Structure formats: C-alpha cells, structure tokens
Amino acid sequence: MSTSGQQQFRYTQTPSKVLHLRNLPWDCSDEELVELCKPFGKIVNTKCNVGANRNQAFVEFADLNQAINMVSYYASSSEPAQVRGKTVYIQYSNRNEIVNNKSPGDVPGNVLLVTIEGVEAGDVSIDVIHLVFSAFGFVQKIATFEKAAGFQALIQFSDVGTASAAREALDGRSIPKYLLPEHVNHCHLRISYSAHTDLNIKFQSHRSRDYTNPYLPVNPTAMEGLLQPVVGPDGKKKEPESNVLFASLENMQYAVTIDVLHTVFSAFGTVQKIAIFEKNGQTQALIQYPDVTTAAAAKDALEGHCIYDGGYCKLHLSYSRHTDLNVQAYSDKSRDYTVPESSLLAMQQASAVHATPPVWHNPQSGPQSFGYAAAAAVPGQASTSQMSSWNPNLQGGGSTFPSTPTRFPGQSYASPVSAYATAVNPPGSSQQTNHIVSSGRSYSVSQPPHPSTMPPGGVPPPGHAPYHG
DNA sequence: AGCACA
C-alpha cells in the first residue's frame with residue numbers, strides 16, 4: 001500500500017483489552033454482551049448501543065490476554081460470534097480502556113448488591129430475602145451486612161441472566177408488607193451489580209447462607225441473632241447483658257473522640273476497647289469492659305446523660321451482642337487499650353497525625369462514606385483481587401485482625417472492598433467543657449488522656465476515681 | 001460492518 005502514513009483498519013490494529021463489536025442488534029444489552037464475551041475472560045466494563053445505528057459496542061476485559069483469546073478464537077472459528085442470530089464482528093479497539101460514566105455497580109454480574117432502604121437489619125430476615133429473590137432462579141448464596149448505606153445483602157445467582165432479571169424486576173420495588181414487621185413502613189430495594197462472582201460464605205448464620213452447601217457448619221456466635229430475645233419482667237424485650245456497651249449518640253453538635261469516650265467510660269472501670277462509627281448519619285460507639293458488671297454499672301450511670309453541657313451528645317446505651325471487639329489498636333475511630341504500651345507507642349509514632357491532632361477539616365460534613373461495603377461481612381472474603389480493578393481507595397495498612405470472627409458495623413476485615421471504613425474523621429477541635437450533665441446536675445470528667453481536647457479543672461465523677469487500662 | 005464525548 002502506498003498509504004503508509006494512513007491507519008489501516010483490518011491488519012494494523014494492536015491488541016487491546018477493549019474490543020470493538022459491530023453489527024449488533026440496535027437494542028443489544030450489556031447482559032447480552034457479557035454473555036457473549038465472558039467465556040474468554042472477566043468483563044470489567046461495557047458500552048453498548050454505540051454509533052448512529054446503536055449497533056456497535058465496546059467490551060473491556062480485565063486482562064489483555066482475555067481479549068486476545070476472544071479475537072483469535074473467532075478469527076479461526078467456523079461459527080461466527082453471534083447475538084440473537086446476527087453475526088458480530090470483533091476487533092481490537094483503538095483505545096485501551098472504556099471511558100464512560102458507568103459506575104461499577106452497572107457492570108452486569110451474577111452477584112447483586114441489594115440495599116434495603118428504610119429498615120433495620122433485624123427487620124428483614126435472610127429467609128425473606130431468599131424468598132423474594134428465589135422467584136427469579138436458584139439463589140446460591142446470600143451475605144448480609146450493615147454499613148453506612150444501610151442494611152445490605154449480596155445475593156449470588158448462578159448466572160448473569162438470572163441476576164439481571166431479578167435486578168430488572170426488583171430494583172426500586174418494595175418487599176411485600178406481609179413479609180415485614182408491622183412497624184416497617186417503606187422498604188425499597190436498590191439493586192446494583194456486585195463485582196463479586198463467588199461469595200465466600202464460611203458459616204450458615206443469621207447473616208449469611210450458602211444454599212449450595214447445606215452441610216456448612218453453623219456459626220454458634222453468629223446465630224445469636226436468631227435466639228429468642230430475653231423478655232424482662234415487664235414483658236418488654238430486653239437484650240442480654242454484655243461486657244460490651246453499644247452507645248448511640250444523639251444531638252452530635254460537637255465531635256466526640258475516642259479520648260473523650262475513654263475518659264467518660266473509664267470512670268467505671270478499665271475500658272479495654274472502643275470503636276466509633278457512623279450508621280445512617282448517626283454516631284455510634286462500642287465500649288468494651290472486661291466484665292458485665294462494670295458494663296452494667298456504666299450503663300446505669302450514663303444512660304440518657306450528655307457528654308457536653310446543653311444536651312449535646314446525649315448517650316443512649318444498650319448491651320451489644322459482641323463480647324470481644326476486633327478493632328484497630330490505634331486509629332481515630334478505634335482504640336485497643338489492651339495491646340502492650342510499647343507496640344502502641346510504635347503505632348502512635350508511626351501515625352503521629354493521630355497523636356497530636358491539629359485542627360483538621362470540618363467533621364460535620366455529613367455521614368462518613370463507608371463506600372461500597374460489599375465483602376465486609378464475609379469473613380475471609382477471597383475474591384478481593386477481583387474488586388481491586390475498580391475500587392479506587394484501597395485500605396492503607398489493612399491492620400485489621402483477621403483471626404477473630406467478631407465484627408461490628410464499620411469494622412472491616414482485611415478486604416479492600418471496605419476500604420472506606422477508616423475515612424478520616426478528625427478528633428474534636430472542640431473547646432467544649434467535657435461535662436456529664438443530667439437535668440441540671442453536671443459533673444466533669446477528670447484526668448483527660450489528651451488535655452488538649454479537654455479543659456482542666458474537672459472534678460471526679462461521684463463514687464469512682466477514673467482509672468485507665 | 002469500521003471506534004464512544006456520556
């Protein structure tokens with residue numbers, strides 16, 4: 001050819017993990033593209049209905065070799081690639097990745113991420129979820145969990161087609177009222193695709209099921225949620241006592257830091273661990289004592305009291321299901337006071353930014369993003385490598401403790417999927433007096449571990465001298 | 001049947 005500087009179409013294309021497909025049906029769907037291409041590799045993105053006739057599309061594989069596989073397969077196949085009987089012409093794209101504004105959740109897969117809006121985790125049982133989604137085909141696995149986005153479930157079907165049918169039918173719809181507790185008014189399902197292809201379910205429990213493996217062991221601690229609630233003398237539900245307190249903070253006008261909580265709760269005994277997290281825009285915390293008695297004393301004394309004067313940061317306390325928190329030893333969201341001081345010091349120095357908090361940006365900027373929390377509730381989640389292709393915010397350090405299955409909202413396993421869980425939330429630059437007040441009566445907290453966050457001159461709370469573990 | 005601007 002004399003046109004040496006001209007781009008030749010057919011023979012000069014260099015391989016790309018993006019393929020250009022032509023002669024598709026004008027209304028070809030992402031799912032049809034995936035069905036055609038997935039035998040050759042993992043599809044990470046698609047763009048269909050491209051061009052004036054809407055009959056072109058792009059498909060991006062995770063790996064270049066997968067795209068090469070597909071092109072070379074159909075180059076030598078006697079059966080052409082087809083969608084609905086139409087021959088599809090496949091070439092390497094002249095771009096190296098698909099650029100569109102499609103979020104990862106729009107890339108079809110066999111696993112759905114379902115956010116159940118307007119309910120607490122206890123309102124919708126895994127059996128109800130199973131029932132609803134089984135209408136579209138065999139549900140292989142379910143994992144549920146709570147994150148900032150609310151109550152969520154990963155639902156695994158055997159194939160993309162079934163998953164997309166369920167998504168089409170149920171996205172934006174509600175779970176029938178008769179399947180829900182009476183107090184639930186609305187319950188919308190928001191459904192996107194998960195990047196997972198195979199959930200790693202370790203136990204049958206109230207939050208996860210593997211219907212392909214009925215002999216999977218039942219996790220006794222994870223099944224606690226199925227036990228009948230303890231009923232008190234007044235006939236009302238009463239949670240079993242625990243050495244771990246669950247605190248929800250109302251009227252969060254000012255920042256409540258780990259140090260503030262530690263000071264407040266240390267008045268009643270050694271505080272072993274603390275974690276702060278946000279759920280549905282509400283600040284919550286877990287405080288772990290060595291024993292139930294201490295926790296009960298703290299609960300009785302602090303319930304309904306406010307950390308700051310003026311009704312700010314009012315504490316509501318209940319017993320947690322947890323008995324041993326699995327927290328990062330030293331972060332702005334959690335603290336483990338049981339780790340040896342030497343290693344803690346090392347960690348403090350490693351992250352000096354936590355030790356002497358400067359004035360950081362505004363903490364009141366809405367709920368913390370816990371991101372796309374997919375795998376967080378699946379212990380030992382194995383398919384993390386698949387997620388990393390689109391997760392923009394891998395967790396630095398990943399210093400969670402993978403050995404213990406204990407978990408709580410906001411706390412993640414080492415999975416990078418839940419990377420957002422440690423989003424920076426600055427310790428309080430608040431100049432508030434650190435009082436516990438109750439209907440006019442107030443008392444100050446003494447011996448603040450970080451004097452910079454609290455004013456001097458407090459008097460000890462009645463009865464107990466604070467001590468620190 | 002021949003490369004997208006969301």
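Letters A, B, ... mirror the listed sequences (proteins, then strands); counts begin at 1. Predicted model, so just to flag it, every value in this text is computed and none were measured.
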Colleague: Report the distance from atom CG of A:Asn45 to atom C1' of B:dA4, rounded to the nearest whole Å.
Modeller: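 It is 12 Å, rounded to the nearest whole Å.
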Colleague: Tell me: CG of A:Asn55 to P of B:dC3, nearest whole Å?
Modeller: 11 Å
Colleague: Check whether any side-chain nitrogen or oxygen of A:Gln56 sits under 4.0 Å from OP1 or OP2 of B:dG2, and answer yes or no.
Modeller: yes
Colleague: Between B:dA1, B:dA4, B:dC3, spot the one nearest the side chain of A:Arg22, thanks.
Modeller: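 Comparing B:dA1, B:dA4, B:dC3 against the side chain of A:Arg22, the answer is B:dA1.
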Colleague: Whole angstrom is fine here: how far is it from CG in A:Leu33 over to P in B:dC3?
Modeller: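 Atom CG in A:Leu33 sits about 17 Å away from atom P in B:dC3.
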Colleague: For the pair made of CH2 in A:Trp26 and P in B:dA4, what is the distance, rounded to whole Å?
Modeller: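 Taking atom P of B:dA4 as the reference, CH2 of A:Trp26 is at 21 Å.
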Colleague: Walk me through it: do A:Phe136 and A:Phe157 pass the test ring-ring contact (aromatic ring centres under 6.0 Å, His included)?
Modeller: CA-CA 9 Å; A:Phe136 303 89; A:Phe157 289 98; 7.3 Å; no
Colleague: B:dA6 base to A:Lys47 side chain: any donor-acceptor pair below 3.5 Å?
Modeller: yes
Colleague: Please report the C-alpha distance between A:Arg335 and A:Tyr330 in whole Å, then the side-chain angles of each, then the deciding distance to 0.1 Å, and finally whether the side-chain contact (heavy atoms from CB on, under 4.5 Å) criterion is met.
Modeller: CA-CA 5 Å; A:Arg335 206 63 55 88; A:Tyr330 194 94; 3.3 Å; yes
Colleague: Using a 4.0 Å heavy-atom cut-off across all strands, classify A:Glu97 as base, sugar-phosphate, or nothing.
Modeller: base
Colleague: Between A:Gln91 (CD) and B:dA4 (P), how many Å, whole number?
Modeller: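 Spelled out: CD on A:Gln91 to P on B:dA4 is 13 Å.
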Colleague: Once you round it to whole Å, what is the distance between C1' of B:dC3 and CZ of A:Phe58?
Modeller: 4 Å
Colleague: Does A:Tyr89 or A:Val50 map to a spot on DNA chain B nearer the 5' end, using the closest nucleotide for each?
Modeller: A:Tyr89
Colleague: Report the distance from atom SG of A:Cys28 to atom CG of A:Leu33, rounding to the nearest 0.5 Å.
Modeller: 4.0 Å
Colleague: Atom CG of A:Leu24 to atom P of B:dA4: distance rounded to whole Å?
Modeller: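 So the two atoms are 15 Å apart, to the nearest Å.
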Colleague: Check for me whether the distance between the ring centres of A:Phe40 and A:Phe61 falls short of 6.0 Å.
Modeller: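 A:Phe40 vs A:Phe61: aromatic centres not under 6.0 Å.
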Colleague: Just the rounded figure in Å: distance from P of B:dA1 to CG of A:Asn23.
Modeller: 5 Å
